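Only a predicted model underlies this, so the values are computations on that prediction, with no experimental measurement involved. Below, each value reflects all heavy atoms present in this structure, side chains not excepted, and no hydrogens, waters or symmetry copies. Numbers here are sequence positions counted from 1.
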Amino acid sequence: NLRASWEALMKEARGCTRCDLYKFGTQTVFGEGPLDASIMFVGEQPGDQEDLAGRPFVGPAGQVFDEALEKAGIARSEVYVTIAVKHFKFEQRGKKRIHSKPNAGEIEACRWWIEQERTLIRPPITVALGATAARSLLDKVVTISKVRGSPLPLDGGGECWVTVHPSFLLRIPEPDRRVEERQKFVDDLKRIGDRAATLAA
């Protein structure tokens, strides 16, 4: 049964040593959501709060993500949310743990888990939030601005849609541009939601 297979996979991921990041993070952060979801969102890696909570998208970027989903008319409870790299990679600065970008080897080592999640859930649409997730799903480096807003075929079926990572929206200093980019993100999500509804019909 699907739930049992997924639980076995999650349990196995808890002991993952496929790359060295397991030595530093508190725990593996696995995906969550309904196993019959029509949309799977893939982020980059856990941040500080995700690492402590053991859940994806619960920190500041998660709040931006939740707000955007709500505006796009997508219920978070109906989508599956996971991350490309399951352990928190950071640099210690004083008491703060500052997120650092996963490298190609770490992304590659963790691709196996994403592939297992996709094989179990078989979502018609998988959304890459940011360049790391896109690289993990498509197995190549892509420029977000070039591929944003149109579906790309995935090995094993389904479509991949690429958009920005919510943390990018948090880092924009100019208020006008921040509003504009947040709206673009919401528009992307609306298009994805509409597409998922069309595919399900």
Side-chain angles (χ1 to χ4, degrees), residues 29 31-34 37-47 50 55-86 99 101-102 107 110-111 113-115 117-118 121-200:
V29 179
E32 63 178 29
S38 58
I39 310 173
M40 176 193 250
F41 285 95
V42 182
E44 183 187 71
Q45 66 161 348
E50 287 80 8
R55 293 182 56 215
F57 284 98
V58 292
Q63 285 167 351
V64 173
F65 178 57
D66 285 349
E67 277 166 29
L69 281 177
E70 200 175 319
K71 282 182 180 154
I74 299 169
R76 174 151 173 179
S77 60
E78 285 171 19
V79 297
Y80 187 87
V81 181
T82 189
I83 34 187
V85 173
K86 309 279 194 228
H99 148 278
K101 207 172 168 56
I107 295 168
C110 225
R111 273 192 77 205
W113 297 110
I114 288 286
E115 283 168 6
E117 286 176 283
R118 280 196 58 243
I121 293 160
R122 310 194 78 77
I125 296 179
T126 305
V127 183
L129 298 167
T132 298
R135 181 171 188 168
S136 167
L137 290 164
L138 301 162
D139 200 17
K140 61 180 180 187
V141 178
V142 295
T143 308
I144 293 177
S145 57
K146 282 185 184 160
V147 294
R148 189 173 184 174
S150 51
L152 303 162
L154 278 170
D155 290 344
E159 297 176 354
C160 178
W161 290 68
V162 180
T163 183
V164 295
H165 192 285
S167 63
F168 158 76
L169 302 170
L170 285 170
R171 291 194 297 265
I172 300 170
E174 312 83 7
D176 294 357
R177 194 171 151 244
R178 195 181 315 142
V179 169
E180 190 186 326
E181 286 292 346
R182 283 194 180 205
Q183 190 52 53
K184 266 171 73 177
F185 182 56
V186 170
D187 292 343
D188 280 354
L189 297 182
K190 276 186 182 149
R191 197 175 299 133
I192 289 159
D194 292 346
R195 177 71 179 151
T198 308
L199 290 176

Step-by-step side chain to side chain contact (heavy atoms under 4.5 Å, CB included) determination, Ile83 to Val42
CA-CA 5 Å; Ile83 34 187; Val42 182; 5.6 Å; no
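- Looking at every heavy atom in both residues, Gly43 comes nearest to Ala133 through O-CB, 3.5 Å.
- Between Leu189 and Asp187 the shortest side-chain heavy-atom distance does not fall below 4.5 Å.
- Atom CZ of Arg195 is separated from atom CD1 of Ile125 by 6.5 Å, given to the nearest 0.5 angstrom.
- Ion pair Arg182/Glu67 flagged as a salt bridge, since at least one NZ, NE, NH1 or NH2 atom sits closer than 4.0 Å to an Asp/Glu carboxylate oxygen.
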Could you go step by step and tell me if Met40 and Glu117 meet the side chain to side chain contact (heavy atoms under 4.5 Å, CB included) rule?
CA-CA 9 Å; Met40 176 193 250; Glu117 286 176 283; 3.6 Å; yes
One pair to check against side chain to side chain contact (heavy atoms under 4.5 Å, CB included): Val147 and Trp161. What are the steps and the verdict?
CA-CA 8 Å; Val147 294; Trp161 290 68; over 6 Å; no
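- The side-chain heavy atoms of Ile39 and Ile192, taken from C-beta on, include a pair separated by under 4.5 Å.
- In this structure, Arg191 CZ and Arg148 CZ are separated by 9.0 Å, a value rounded to the nearest 0.5 Å.
- Between Ile114 and Leu137 the shortest side-chain heavy-atom distance falls below 4.5 Å.
- Lys71 is not listed as a side-chain neighbour of Gln183, based on a closest heavy-atom distance of 4.5 Å or more.
- The aromatic ring centres of Phe185 and Phe168 sit 6.0 Å or more apart.
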Between Glu174 and Ile172, does a side chain to side chain contact (heavy atoms under 4.5 Å, CB included) hold up when you go through it step by step?
CA-CA 6 Å; Glu174 312 83 7; Ile172 300 170; 3.4 Å; yes
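- Remark: aromatic rings of Phe41 and His165 are distant, center separation not under 6.0 Å.
- A 4.5 Å side-chain heavy-atom check between Leu129 and Pro166 finds at least one atom pair inside the cut-off.
- A 6.0 Å sphere centred on CG of Asp66 holds more than 12 heavy atoms belonging to other residues, nucleotides or ligands.
- A distance of 8.5 Å separates OG in Ser38 from CD1 in Ile74, rounded to the nearest 0.5 Å.
- Taking OG of Ser167 as the reference point, atom CZ of Phe65 lies at 12.0 Å (rounded to 0.5 Å).
- Using a 4.0 Å cut-off between a side-chain N of Lys or Arg and a carboxylate O of Asp or Glu, Glu181 and Lys184 qualify as a salt bridge.
- Side-chain atoms of Arg118 do not come within 3.5 Å of backbone N or O of Gly158 as any donor-acceptor pair.
- Look at Glu32 and Arg76 and you find a salt bridge, because one of the NZ, NE, NH1 or NH2 atoms lies within 4.0 Å of a carboxylate O, short of that distance.
- Listed for the Thr198 side chain is a donor-acceptor partner under 3.5 Å among the backbone atoms of Asp194.
- Rounding to the nearest 0.5 Å gives a distance of 5.0 Å between SG of Cys160 and CG of Leu154.
- When all heavy atoms of Val186 and Ala72 are compared, the pair lying nearest together is O-CB, 3.9 Å.
- Here the CG-OG1 distance, from Leu138 to Thr126, works out to 9.5 Å after rounding to the nearest 0.5 Å.
- Shortest non-hydrogen contact noted between Pro124 and Leu199 is CB-CD1, 3.8 Å.
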